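Residue numbers begin at 1 in each chain, while the letters A, B, ... track the order of the sequences. Quick caveat: nothing in here was measured; it's all calculated off a predicted structure.
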Amino acid sequence: MLSIRDLVTSYGNIEALRGISLDAAEGEVTCLLGPNGAGKTTTLFTIAGILTAKSGAVVLNGEDMTRLRAAEVVSRGIALVPENRLVFPRMDVEDNLRAGAYSRRASAAEIAADVADMYRRFPRLEERKDQLAGTLSGGEQQMLAIARGLMARPRILLMDEPSIGLAPMIVAEIFDIIRELNREGVTILLVEQNARMALDVAHKFYLIEGGRITFSGSPGEIEQDEVIQRAYLGSRQG
Amino acid sequence: MIDFIQNTVDGVMFGSSYALLAIGFTIVFGVMRRLNLAFGASIMLGAYMGTWLHVHYQVHVLVVAVTTVACTVLVGIYVERLCFHAVRRDAALASMVSSFVIWMQLEEAAIHLLPERTYAFPGLFAAGSYEAGPFLFRTEQTAMLLLAAVMVGALHLLLHRTRFGLALRATSENPLAAAYMGIHRTWTVLCAFVLMSLAGGVAGFAILATDQQITPFFGLWATFKGLIAMMLGGMGSLPGAILGGLLLGVVEAHALWYLGAEYRDLSAFLLLFAMLVSRPGGLLGQRILSREELAFRRV
């Protein structure tokens, strides 16, 4: 579905991505693992059109997205749930959701129906729909950020470290949401440092180190790899 | 007591146009976190175009009004393209300095357009007044208040009921997250400048139609009043801009009545000084203290 070939992205002279290739299959959760500064967020930003690739290609269902800008990428079905949530703090929950649908140019009735759909999926957001987003708890803000991403009706949802800065119990809740979304058929490309949690939801893993993919495989394969075990899963055998 | 009430009402009426000026500043400040110092001068040049038509062709006052607002918008777009769009995103100071330079350019343009500097500006009505009980109201100022109220109402609907308003608010809150939603920043900023100029053009026309004269210094005056009103209310806050404008108008009206005309502008600066000392963020500004600043205060 989403296919990335030899992607190179640089900040000035520093190459952050040195030729990344990966595939995210329809209906699956694909997880990008890796240490800080390895290029995980850069990969998502390049796919989303916030950064422009120097070379390589980003292709969604056969359509080349490499040179498109952020607004065009969103309207073609790739939505980003950013790291640290970045909800609009002084707008209420409902306006945050509407902002998520900005790229669609849908009618007011359609958007209202989708907002209602989000409330059904996330009842906690409905309870707080008139509250300013900045007054929500961290977990609720993450729910809102996910719901806001879904409001764009994406064909694939990019999620950048949804567990960051959240208490373990809330992290479990967020991963339940990811699992639930995936069961409903949402394709997800997930960037995570919390490999242990990701292991339960993802179908395919890519390990990115120093701007290169150094390993890829199924959850089973990743659990058998001793190096990854030691570095990312904090295994007891190591 | 009657004097006090009369002054307060007068102050609210005149303050309504300060509120519009402050709204103009605050819209663009919200979206860009930058001050457009050429704002007052853009209004002045727009009004000079109106005056020019009036002087040479004796056009109707409504034509002057439309010309003033339309030309203010055109000049606003010119300022945006030159000082804000063309200047790199992270160079906030460069934008402000270049908007100051354009201010000077616009003043020169106005002087060349109409070289005698002071011109009569047509009033909306023949100067008149009406009584309500013990109070006396000027017709032009009542019209100013109504015009400002209509503008604020329209702006509120635009910001809270339309897709464009949603984009503008989202960009003010977090430009990066707004970009992730597919909101075009350059387009939103240009539209913010158009809104700013609309508010400024209406305010400028209302004020000049009350004063019934115009000089090139109107630009400086409008920039001062708008900036002070915005800072009183809190930068980037629309309700703050309205409150700040009205407060400035009321304080000036009292100073004018009790202390004399020379204290009118002085009172405005004193008020701003008092506000910056007691509440640096303004009446409705965000609490701008970060954790580090709070910690620093305790050291």
Side-chain angles (χ1 to χ4, degrees), chain A residues 41 44-45 47-51 68-92 94-108 110-111 115 132-134 141 144-154 157-160, chain B residues 26-27 29-33 85 88-90 155-192 233-242 281-291:
Chain A
T41 299
L44 292 193
F45 276 9
I47 298 171
I50 292 153
L51 296 173
L68 297 185
R69 296 199 304 170
E72 295 156 335
V73 174
V74 188
S75 57
R76 281 169 177 73
I78 299 183
L80 175 67
V81 180
E83 191 178 354
N84 294 321
R85 312 177 267 281
L86 302 188
V87 294
F88 301 113
R90 284 179 296 144
M91 276 162 54
D92 63 30
E94 192 143 332
D95 277 347
N96 266 274
L97 292 177
R98 287 209 192 95
Y102 180 85
S103 61
R104 279 170 46 202
R105 303 184 168 276
S107 72
E110 261 180 274
I111 290 174
V115 168
L132 298 186
Q141 287 189 18
L144 178 56
I146 295 172
R148 187 181 60 177
L150 291 172
M151 283 297 290
R153 288 213 184 160
L157 192 64
L158 313 179
M159 301 177 84
D160 198 353
Chain B
T26 227
I27 288 172
F29 183 81
V31 172
M32 298 200 82
R33 296 282 177 270
H85 183 72
R88 273 193 17 236
R89 280 184 184 184
D90 46 351
L155 204 61
H156 181 84
L157 287 179
L158 183 74
L159 286 177
H160 292 272
R161 293 276 181 280
T162 67
R163 184 167 173 273
F164 162 68
L166 189 65
L168 196 76
R169 284 185 294 140
T171 309
S172 309
E173 293 255 313
N174 191 329
L176 198 59
Y180 299 156
M181 309 293 107
I183 296 170
H184 276 296
R185 186 184 151 84
T186 45
W187 174 242
T188 311
V189 166
L190 185 63
C191 290
M235 294 166 89
S237 157
L238 275 179
I242 297 169
L283 288 173
L284 300 180
Q286 327 167 32
R287 300 297 292 158
I288 43 177
L289 293 179
S290 68
R291 208 176 339 166

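When the candidates A:E72, A:M91, A:R85 are compared by the number of heavy-atom contacts under 4.5 Å with chain B, A:M91 comes out ahead. For the set A:I50, A:D95, A:V81, the entry with the most heavy-atom pairs within less than 4.5 Å of chain B is A:D95. Looking only at heavy-atom pairs under 4.5 Å with chain B, the residue among A:S103, A:A152, A:P89, A:G134 that has the most is A:P89.
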Is there a side-chain contact (heavy atoms from CB on, under 4.5 Å) between B:Y180 and A:L86 once you walk through the steps? CA-CA 10 Å; B:Y180 299 156; A:L86 302 188; 3.7 Å; yes
Under the criterion side-chain contact (heavy atoms from CB on, under 4.5 Å), I'd like the reasoning laid out for B:R169 against A:R90: C-alpha separation, chi angles, the key distance, then a yes or no. CA-CA 9 Å; B:R169 284 185 294 140; A:R90 284 179 296 144; over 6 Å; no
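With a threshold of 4.5 angstrom between heavy atoms, A:A48 does not approach chain B through any atom at all. With a threshold of 4.5 angstrom between heavy atoms, B:A179 approaches chain A through N, CA, C or O but not through any side-chain atom.
We find the CG-CD distance between A:N96 and B:E173 to be 7.5 Å, quoted to the nearest 0.5 Å.
The two residues B:A177 and A:F88 come nearest to each other via the heavy atoms CB-CE2, 3.7 Å.
A cation-pi arrangement is found for B:R163 relative to A:Y102, the charged atom lying closer than 6.0 Å to the ring centre and inside a 45° cone about the ring normal.
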